[in-house]
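Note that these values count all heavy atoms, side chains included, but never hydrogens, waters or copies made by symmetry. As the structure is a computational prediction, the values presented were derived from the model and not from experiment. In what follows, chains carry the letters A, B, and so on, assigned in the order in which the sequence lines appear, proteins first and then strands, with residues in each chain numbered from 1.
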2 protein chains.
Amino acid sequence: MKRTSMEGVACPVARSLDVIGDWWSMLIVRDAQLGLRRFGEFQKSLGVAKNILSQRLRHLVAHGILEVQPASDGSAWQEYVLTAKGHSLFPILVALGEWGREHCFQEGEARTELRDKAHGLPLKPLEVRAADGRLLSPQDTRVEQVPPER
Amino acid sequence: MKRTSMEGVACPVARSLDVIGDWWSMLIVRDAQLGLRRFGEFQKSLGVAKNILSQRLRHLVAHGILEVQPASDGSAWQEYVLTAKGHSLFPILVALGEWGREHCFQEGEARTELRDKAHGLPLKPLEVRAADGRLLSPQDTRVEQVPPER
DNA sequence: CTCGTTCGGTTTCATCATGAAACCAAATGA
DNA sequence: TCATTTGGTTTCATGATGAAACCGAACGAG
């Protein structure tokens, strides 16, 4: 009866969600993106129960999104840092942030925003474009079966 | 002890996940994007338990992502269709799909892919850019506290 | 070196969410 | 008219989550 898994499914969206689709994983990745590395830092930032955090970190390491490193400050503890695979989640975070900023706040609510470090300006909204550069809306797209690689 | 909510949190990513961060919501949105509208269609496509689907559809409607309409085929049933707010989740789906395609398949596994309907070509990879058009990596960005609107 | 504290977890247990299956009413349709 | 389909709700067993207690290893002040 287990929680249903998308392992056998051919849809890449489902596959992604199977790996990072739980309540905490993307927030851990977000914090890692911001430079947090230590168990305690994540725990304090997220307010998540320690057993759950422990579970999630293990999961993310197992999936190659985080990796464990010796602490950078010379102590004997370890640190969790994003791998290249983890860093490539960046556009998902940006997309989630953009939607959240737009649709999940009341007027007058305090909020944070991801900005260009160089000028402190907001980012350009994400755009879905065709290979030739045309801006695409959902109706301009279609799901295709693709022959397996190799 | 309830599942922790991000309602009071100022981070737009957390807010988004609070609304669409569960295992099924984005998949329902994906299917809705593909044109599915009826309870039974979603149920068959996702293989989700009917009580859960019922719950999720109610949730998505409550959050203004789907809306209930009289059936388009003249029958007395109702249909669930995306609102503008729901359609604006498109970039998130694309980002998830892109990451999943890249990182969640073994060589030789069958998969699907979102393509440009016009030419059947794959989409251009998503890019995070600054307002002035510069391509940004995570290190080029920073989280800022933004004064509340209005 | 020694002892109290911090860090990074694991264990335990109560509670919530999920999933499977049975059940049901309204709409459909033969 | 009556069986079937649709769109759910209810029930119940089980899995996941969260809070708190617990614990050993590392650290750090003296």
Side-chain angles (χ1 to χ4, degrees), chain A residues 1-9 14 17-28 31-32 35-63 66-82, chain B residues 1-9 14 17-29 31-32 35-63 66-81:
Chain A
M1 192 184 82
K2 334 231 359 157
R3 235 220 66 246
T4 23
S5 152
M6 301 292 162
E7 262 197 52
V9 176
L17 291 173
D18 212 32
V19 176
I20 49 144
D22 68 287
W23 292 101
W24 294 112
S25 291
M26 282 307 290
L27 292 175
I28 293 172
D31 278 356
L36 304 201
R37 306 168 147 240
R38 299 281 281 259
F39 187 94
E41 292 179 315
F42 290 113
Q43 212 257 314
K44 188 172 158 204
S45 161
L46 298 171
V48 58
K50 300 206 290 178
N51 52 348
I52 304 297
L53 176 58
S54 176
Q55 232 173 257
R56 288 298 176 270
L57 288 172
R58 254 198 314 272
H59 176 84
L60 291 171
V61 169
H63 283 273
L66 293 175
E67 64 184 349
V68 172
Q69 284 190 352
S72 52
D73 61 0
S75 77
W77 311 114
Q78 53 179 21
E79 295 182 343
Y80 299 89
V81 301
L82 287 170
Chain B
M1 191 185 82
K2 333 228 6 157
R3 236 219 66 248
T4 24
S5 153
M6 302 292 162
E7 262 197 51
V9 177
L17 291 173
D18 212 31
V19 176
I20 50 146
D22 69 287
W23 293 101
W24 294 111
S25 291
M26 283 307 291
L27 293 174
I28 293 172
V29 171
D31 279 357
L36 304 200
R37 307 170 144 240
R38 301 282 280 256
F39 186 95
E41 291 178 316
F42 290 113
Q43 212 257 313
K44 188 172 160 204
S45 161
L46 298 171
V48 58
K50 300 206 289 176
N51 51 347
I52 304 297
L53 177 58
S54 176
Q55 233 173 255
R56 288 298 175 271
L57 289 173
R58 253 199 313 271
H59 176 85
L60 291 171
V61 169
H63 282 272
L66 294 176
E67 64 184 350
V68 173
Q69 284 189 351
S72 52
D73 62 358
S75 78
W77 312 112
Q78 53 178 21
E79 294 182 343
Y80 299 89
V81 303

Roughly how far apart are Trp24(B) CH2 and Ile52(B) CD1, rounded to 0.5 Å? 9.0 Å

I need the CD1-C1' distance between Ile28(B) and dG7(D), as an integer number of Å. 14 Å

With Glu41(B) via side chain to side chain donor-acceptor pair (under 3.5 Å) - residues at least two apart: none

For DNA chain D, find the residues of residues 70-77 of chain B with a heavy-atom distance under 4.0 Å and give them by number; none if there aren't any. Trp77(B)

Rounded off to whole Å, could you give me the CD-to-P distance for the Glu79(B) and dT6(D) pair? 13 Å

Which residues share a side chain to side chain donor-acceptor pair (under 3.5 Å) with Asp31(A), sequence neighbours left out: Ser45(A)

Measure the distance from CZ on Arg38(A) to C1' on dA26(D) and round it to the nearest whole Å. 10 Å

Would you call Leu66(A) and Val81(A) a side-chain contact if the rule is heavy atoms closer than 4.5 Å? no

Between Trp24(A) (CH2) and dT17(D) (P), how many Å, whole number? 11 Å

If you measure from OG on Ser5(A) to CG on Leu17(A), what distance do you get to the nearest 0.5 Å? 12.0 Å

Is the side chain of His59(A) donor-acceptor paired with the backbone N or O of Val19(A) at a distance under 3.5 Å, no angle test? yes

Can you tell me how far the CG atom of Leu60(A) sits from the CZ atom of Arg58(A), to the nearest 0.5 Å? 11.5 Å

Asp22(B) CG to dA17(C) P, in whole Å, measures 12 Å

Interface residues of residues 40-48 of chain A with DNA chain C (non-hydrogen, below 4.0 angstrom): Gly40(A)

Please write out the pairs of protein N or O atoms and N or O atoms of nucleotides 10-12 of chain C separated by less than 3.5 Å, giving the distance to one decimal.
residue	atom	partner	partner atom	Å
dT10(C)	OP1	Arg58(A)	NH1	3.3
dT10(C)	OP2	Ser54(A)	OG	2.4
dT10(C)	OP2	Arg58(A)	NH1	3.1

Once you round to the nearest 0.5 Å, how far does CD1 of Ile28(A) lie from CG of Asp22(A)? 7.5 Å

Just how far, in rounded Å, is P of dG7(D) from CZ of Arg37(B)? 13 Å

Donor-acceptor pairs under 3.5 angstrom involving side-chain atoms of residues 70-80 of chain A: please list them, not counting sequence neighbours.
residue	atom	partner	partner atom	Å
Ser72(A)	OG	Glu79(A)	OE1	3.3
Ser72(A)	OG	Glu79(A)	OE2	3.0
Asp73(A)	OD1	Ser75(A)	N	3.1
Asp73(A)	OD1	Ser75(A)	OG	3.0
Asp73(A)	OD2	Arg38(A)	NH1	3.4
Ser75(A)	OG	Trp77(A)	N	3.4
Gln78(A)	NE2	Tyr80(A)	OH	3.2
Glu79(A)	OE1	Arg37(A)	NH1	2.6
Glu79(A)	OE1	Ser72(A)	N	3.4
Glu79(A)	OE2	Ser72(A)	N	3.2

Leu57(A) CG - dG8(C) C1' separation (whole Å): 10 Å

For the helix from dC1(C)-dG30(D) to dA30(C)-dT1(D), what angle separates the axis at the start from the axis at the finish, each from five pairs, in steps of 10°? 20°

For Ala14(A), give me all partners under side chain to side chain contact (heavy atoms under 4.5 Å, CB included), at least two apart in sequence or on another chain. Met6(A), Val9(A), Cys11(A), Leu27(B), Arg30(B)

Distance check needed: dT17(D) P versus His59(A) NE2, whole Å only. 10 Å

Contacts of type side chain to side chain contact (heavy atoms under 4.5 Å, CB included), residue Lys50(A), not counting sequence neighbours: Phe39(A), Gln43(A)

